[in-house]
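Please read these numbers as outputs of a predicted model, since none were measured by experiment. Here is the naming used below: chain letters follow the sequence lines, and residue numbers restart at 1 for every chain.
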Amino acid sequence: MAELPGQIRHIGGRMSQLLEQIYGFSRRSLFRVISMGPIPCHIAFIMDGNRRYAKKCGLEDGSGHKAGFSALMSMLQYCYELGIKYVTIYAFSIDNFRRKPEEVESVMDLMLEKIKSLLEKESIVHQYGIRVYFIGNLALLNDQVRAAAEKVMKATAKNSRVVLLICIAYNSTDEIVQAVKKSCINKSDNIEASNYKHEDSDSDIEGTDMENQEKKIQLVDIEENMQMSVAPNPDILIRSSGETRLSNFLLWQTGNTQLCSPAALWPEIGLRHLLWAILNFQRNHSYLEKRKKQL
Amino acid sequence: MLSLRVRPPTSFDFRRFNVRDLERRWRLSRDCFLSFSPKFEENRGVRFGVKSSKSEVSFTAAEEEETLPEELQPELMPKHVAIIMDGNGRWAKNRGLQPWDGHRAGVEALKEIVELSGKWGIQVLTVFAFSTDNWIRPRIEIDFLFSLFERSLKSEFQNLAKNNVRISIIGDSSKLPKSLLRVINEVEEVTKNNTRLQLIVAVGYSGKYDVLQACRGIAQRVKDGEIEVEEIDERLIEEELETNCTEFPYPDLLIRTSGELRVSNFLLWQLAYTELFFAQELWPDFGRSGFIEALTSFQQRQRRFGGRKS
């Protein structure tokens, strides 16, 4: 008789395992159906609404971000199962430094904990062979977080299956400013080098159109100096919590990106939102591909 | 266009008893796209009589209050609204018309929105007329668009000047026809001191091109020794962007019609904190009700700019 509760628990455990397996199987089958159509190469997420979620559920302030982190892990799992190669997330903006110091500190502590956990054997990074990039003005972070980020980037440098770009201390306008600075420096270096080469020849007197054109900064010069140049432009940008704005995120890269803003707060985001975004993407895909070819 | 009747030069009043005449004139202009002769306007002035200054002031004040719909709060009106006028081609196709009929209808819709913006206290209205990506359209459509633009400017600019509207054109003008460039320069010059509403028309424009030309301007200044590379910051880029022609370069609200959920490379840098509104209607159908819906949605949004509303 004493065995009964134990047996019930054992059966309960087996049942939930079985249900999980059934759920996983049906999810992967659904993904196989969706993959019949075009799948986006790169999805970006703005993870908005953690604090509102904590308030809504009556939790203490920090736990909204923790709930947001587990929602993020699920989304990454779905994306990589679907075969999406690049995922970018907006973890912390330069504007967010203006929040209350206690909140900034607790978010930084959480990030340090989670960044370190990426290096563990059981983490999602090893499960999917993820290469991690940290994009942003890392000099603005405290030393511990920066060191942890650099360690993760180095440790995952050899992975090549899928890529995760974490935008931390990031602002799109700041990224553009840094790219402009680098372009100016590179261009002036190139011009000096070519002037030095032509010093002794007579051809520099002519100053052809082609040379003048080369001296001007071109679009590719700026683009190759962007930190986000390691990934193609996003196909879909999903912002949770229903706000429809970019908040200084990937302004340069989202010219032709499909924008989605489900009303769910970030910890409430689920598979259905992702699938809806992808189905909409598939609807517009052929038109956008045609336009790209024409351009 | 905006004012199809004589008005006192300082106000943007809408006289409700004008509605039927207004509709008739819109229909006429949609068909033949001619401006109205001065004689007709003179007669209108006579018909509505000359007001004494006293009655004009009180009349004006009451009318100004009435013009803003009750759903909208005057203190929450955006200063700068940007519009991507998408859907003219589809509108024409749905009606079995040619694409240029859609563009003509689009111009009428634009006139209505410009008028409403002026009345409702919006300071800057930026419209995306022609993108760098649009150069791939058929030559005949592009030629029609530019000649439509030239004709609209010529026929409407007197009214715009009278209604204190300033026009600015931004974008890469190197590929535009010379006659259009002449008209643009003239219109910009004549209206440059107007203050009621600034209408910025983006022609041959793309957000990336704007940042690129700002970058080139900055590079030139670095080369000339005016600034150091380390001094390059966001403010410097902002000064070099083409939207430096206005006091409010950053739109508060961006409206895109026809249901497409993209920004399509319009105003890249300036859209950092802009609220986006995607309307389902095609641009020629967007009129007053669509505009009110967009503005109402804007007024309900909570803008935090990265901070917190505690």
Say you draw a straight line from [atom1] of [X] to [atom2] of [Y]; how long is it, rounded to the nearest 0.5 Å?
X        : Y        : atom1 : atom2 : value
B:Asp252 : A:Arg245 : CG    : CZ    : 12.0 Å
A:Leu219 : B:Ser206 : CG    : OG    : 7.5 Å
B:Arg262 : A:Leu288 : CZ    : CG    : 4.5 Å
A:Ser183 : B:Arg216 : OG    : CZ    : 11.0 Å
B:Leu271 : A:Leu251 : CG    : CG    : 7.0 Å
A:Leu246 : B:Glu275 : CG    : CD    : 10.0 Å

Measuring only between side-chain heavy atoms, which start at C-beta, is [X] closer than 4.5 Å to [Y]?
X        : Y        : result
B:Glu260 : A:Asn284 : yes
A:Glu223 : B:Lys208 : yes
B:Val263 : A:Thr254 : no
B:Glu238 : A:Thr173 : no

Item to check | Where at least one partner belongs to residues 263-272 of chain B, residue pairs that pass side-chain hydrogen bond (donor to acceptor under 3.5 Å, both in side chains), sequence neighbours excluded | outcome: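 The answer is B:Asp210-B:Gln270, B:Thr243-B:Gln270, B:Tyr250-B:Trp269, B:Arg256-B:Ser264.
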Checklist entry - So does A:Trp276 have more than 12 non-hydrogen atoms from other groups sitting under 6.0 Å from CH2? => result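 Result for CH2/A:Trp276: open.
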Item to check | Residues, nucleotides or ligands: over 12 heavy atoms within 6.0 Å of B:Glu247 CD | outcome: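 No, not enclosed.
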Checklist entry - Relative to chain B, which segment of A:Tyr90 carries a heavy atom at a distance below 4.5 Å: side chain, backbone, both, or neither? => result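 The answer is neither part of A:Tyr90.
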Scan the side chains in residues 72-85 of chain B for donor-acceptor partners under 3.5 Å anywhere in the protein, sequence neighbours excluded, and list what turns up.
| residue | atom | partner | partner atom | Å |
| --- | --- | --- | --- | --- |
| B:His80 | ND1 | B:Phe248 | O | 2.6 |
| B:His80 | NE2 | B:Thr126 | OG1 | 2.6 |

Checklist entry - Between B:Leu268 and A:Trp252, which heavy-atom pair has the shortest distance, and what is it? => result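 Reported closest heavy-atom pair: CD1-CA, 3.8 Å.
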Next on the checklist: Minimum heavy-atom separation for A:Asp174 and B:Glu234, please, with both atom names.
Outcome noted: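 Here A:Asp174 and B:Glu234 meet closest at N-OE2, 3.5 Å.
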Given that the side chain runs from C-beta out, which part of [X] has a heavy atom under 4.5 Å from chain A: side chain, backbone, both or neither?
X        : value
B:Gln220 : neither
B:Phe277 : neither
B:Ile232 : both

